[in-house]
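Let me begin by presenting the structure, written as structure tokens, before commenting on it.
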Amino acid sequence: MVQPDRRAFLAFLAGSPLLALVPSLAEAVQQGDLAQAAHALDVFDFEAAAQKIVPPAHWGYLMSGVDGEATLRANRDAFNRYQLRARRFVDVSRIDMSVELFGQKYASPVFLCPIGSAGAFHADGEVGAARAAQAKNQLLVVSTQATKAVEDVARARGGPIWFQLYTTNNFDITTKMVQRAEAAGCNVVAVTVDLPAGRNTETATRLSRVDTRDCSQCHGDATGDRMRPRGGRGAAPKPIFQGIDMQGVGLTSPSLTWDFIRRLKGVTTMKVVIKGLEAGEDAALAVDNGADGIIISNHGGRATETGRGTIECVAEVAQAVRGRIPVMVDGGVRRGTDVFKALALGATAVGIGRPYIWGLATFGQQGVERVLDLVNNELRLAMIGTGTRTMRELGQAAIIDVTGRR
Ligand SMILES: Cc1cc2nc3c(=O)[nH]c(=O)nc-3n(C[C@H](O)[C@H](O)[C@H](O)COP(=O)(O)O)c2cc1C
């Protein structure tokens, strides 16, 4: 960590016009010596700062893709396929970024994705993220694998949150979790379907090997498999499994079919959103099988390797859905211009995962708030710059696909 006097000096530098004239000093500030959340100029400042304080095994868990991480890279790179198409002489003195989803109005289309074990990055975990979501009036999706109880997260948000569901392979257990989330005040269940059975998270494994800490407080034993928290897969045990015997129960099921969605709708009044679709055919089937929404996602490049960047799936899915249910997307979103492109292609809301965890790791709630401010401000500037005043005005005409493909 940075010493207080050095912090003050860096804080002074960060606000100084001299910075632009002195590249080596600019570099020092850019390298992650953030004195305050407010000094971050983009989400990457939080990434650099977080890497300095998050232990290697937890950093590996956060940043890992699968295999050689081609899908992880594709999520970022694919945004370059689209450019903004500016229109002029539009009165952009008033910009409205608000969106409505299932009866709830949010300040902007940016939402916080479900990230398992947020407590591994900051003691406040999902509660810190929820407080930030409340302060900024943004949607938060809480993970099945959350380190905080869903009731505490919902209370901290002070309004409906969405509950991300790992289906398990035991429907009675699934029903118990879903009904608990509903009773806690969740209005939507987001069913994750992109991880039917296992994955190869190489980066996570490599970095866990170089982490020499004694991790026995939270994980099995000090020398054991640190990827496997105490209490079995995905447990610690996680609060949502309290009172449930998870012995021998899988978190996901390789034999899942569309029938699951119909069964799920039979045991909850929450809206059912499917998280992890990519193909237009599946999007059409989702509508046919009663889904209330879709989140296009490849789990942040942590599921199927050498897949498409998720931004490249948006037009295909939106075309198949034809406006019947909302389409959302996450994966590699780091800038307001990324959000803008996803909305132009047909998304209603756009999720960020790792960036808000970088903010959480460094400054807790304040870090998450700053991440939301940064991305929202960039989105606002993209709207102003293109002559787009509302979400309704934001369509395909606002961007160009440089490949000429559709
Ligand atoms: C460390 C980590 C944990 C995650 N845990 C979950 C989870 O528990 N459930 C889930 O549906 N998705 C999970 N995801 C995927 C995110 O919800 C989201 O799809 C992804 O992070 C978006 O990509 P981005 O991180 O590039 O923004 C996780 C992602 C990361 C990086």
Side-chain angles (χ1 to χ4, degrees), residues 43-44 46-47 50 54 57-66 69 71-79 110-122 125-126 129 139-148 150 153 162-168 177 188-196 199 201 203-204 207-208 227 229 233-236 238-241 251-252 273-278 294-304 307 309-311 313 328-335 338-339 342 347 349-361 368 371-372 375:
V43 302
F44 301 107
F46 284 111
E47 179 179 16
V54 173
H58 291 184
W59 188 252
Y61 164 65
L62 179 64
M63 301 308 284
S64 196
V66 284
E69 303 189 331
T71 306
L72 181 68
R73 284 190 297 277
N75 274 351
R76 270 309 293 138
D77 294 348
F79 282 102
V110 177
F111 69 90
L112 303 180
C113 294
I115 299 284
S117 305
F121 304 100
H122 191 280
E126 296 81 3
L139 168 64
L140 168 82
V141 188
V142 68
S143 167
T144 296
Q145 297 282 61
T147 33
K148 301 285 183 190
V150 63
V153 183
W162 295 11
F163 176 69
Q164 176 271 325
L165 178 72
Y166 280 123
T167 62
T168 82
M177 294 195 297
V188 174
V189 54
V191 189
T192 297
V193 296
D194 51 19
L195 275 181
R199 56 181 170 174
T201 49
T203 295
L207 287 186
S208 78
M227 297 301 294
R233 180 176 175 199
K238 294 288 165 38
I240 195 75
F241 302 119
L251 205 57
T252 58
V273 165
I274 306 184
K275 177 174 185 280
L277 296 190
E278 297 183 19
I294 290 170
I295 303 177
I296 299 167
S297 178
N298 54 28
H299 221 104
R302 297 158 80 82
T304 309
T310 46
I311 189 71
C313 308
M328 293 145 276
V329 62
D330 70 33
V333 175
R334 303 291 179 264
R335 292 280 189 188
D338 301 336
V339 178
V350 182
I352 52 171
R354 294 176 182 88
Y356 85 85
I357 297 293
W358 301 331
L360 184 74
V368 181
V371 164
L372 286 166
V375 177

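Atoms within each ligand, like the ligands themselves, are counted from 1 in listed order.
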Name the closest protein heavy atom to atom 27 (O) of ligand 1, giving the residue it belongs to and the distance to 0.1 Å. Gly353 N, 2.9 Å
Look at the aromatic rings of Phe121 and His58 and report parallel, tilted or perpendicular, splitting at 30° and 60°. perpendicular
For the pair Arg302 and Asp194, evaluate salt bridge (charged side-chain N to carboxylate O under 4.0 Å, His left out) and give the outcome as yes or no after the intermediate values. CA-CA 9 Å; Arg302 297 158 80 82; Asp194 51 19; over 6 Å; no
For ligand 1, find out whether one of its N or O atoms is nearer than 3.5 Å to an N or O atom of Gln145. no
With the threshold set at under 4.0 angstrom, would you say Asn75 reaches ligand 1 through any of its heavy atoms? no
Protein contact to atom 15 (C) of ligand 1 [nearest heavy atom, distance to 0.1 Å]: His299 CD2, 3.5 Å
Any N/O pair Val333/ligand 1 closer than 3.5 Å: no
Between Thr192 and ligand 1, which part of the residue brings a heavy atom under 4.0 Å of the ligand: side chain, backbone, both or neither? side chain
So, the side chain of Asn75 versus the backbone of Leu72: is there a donor-acceptor pair under 3.5 Å, distance only? no
With no hydrogens and no angle check, just 3.5 Å: does a side-chain donor-acceptor pair link Thr310 and Asn298? no
Select one of side chain, backbone, both or neither to describe which atoms of Arg334 lie under 4.0 Å from any atom of ligand 1, heavy atoms only. side chain
Proximity winner for atom 28 (C) of ligand 1, if only heavy atoms of Pro355, Pro114, Gly300 are counted: Pro114
Do any N or O atoms from the side chain of Thr252 and from the backbone of Pro196 form a donor-acceptor pair under 3.5 angstrom? yes
What is the closest protein heavy atom to atom 1 (C) of ligand 1, and at what distance does it sit? Arg302 NH2, 3.3 Å
Looking at non-hydrogen atoms alone, which of Tyr61, Tyr166, Tyr356 comes nearest to atom 7 (C) of ligand 1? Tyr166
protein heavy-atom neighbour closest to atom 18 (C) of ligand 1 works out as Asp330 OD2, 3.5 Å
Can you tell me which portion of Lys275 lies within the under-4.0 Å heavy-atom range of ligand 1? Options are side chain, backbone, both, or neither. side chain
Is it true that a side-chain atom of Gln145 and a backbone atom of Lys238 form a donor plus acceptor pair closer than 3.5 Å? no
Any Arg354 side-chain heavy atom under 4.5 Å of Phe46 side chain: no
Okay, side chain of Thr201, backbone of Ser64: is any donor-acceptor separation there less than 3.5 Å? no
Distance from atom 8 (O) of ligand 1 to nearest protein heavy atom, with residue and atom: Ser143 OG, 2.7 Å
Option nearest atom 4 (C) of ligand 1 (shortest heavy-atom distance, choices Gly116, Gly332, Gly60): Gly116
Taking only heavy atoms of Ser297 into account, list the atoms of ligand 1 that are under 4.0 Å away from them. 19 (O)
Near Cys113, which atoms of ligand 1 are under 4.0 Å from a heavy atom of that residue? 16 (C), 17 (O), 18 (C)
Note: Gln164, heavy atoms under 4.0 Å from ligand 1, region reported as side chain
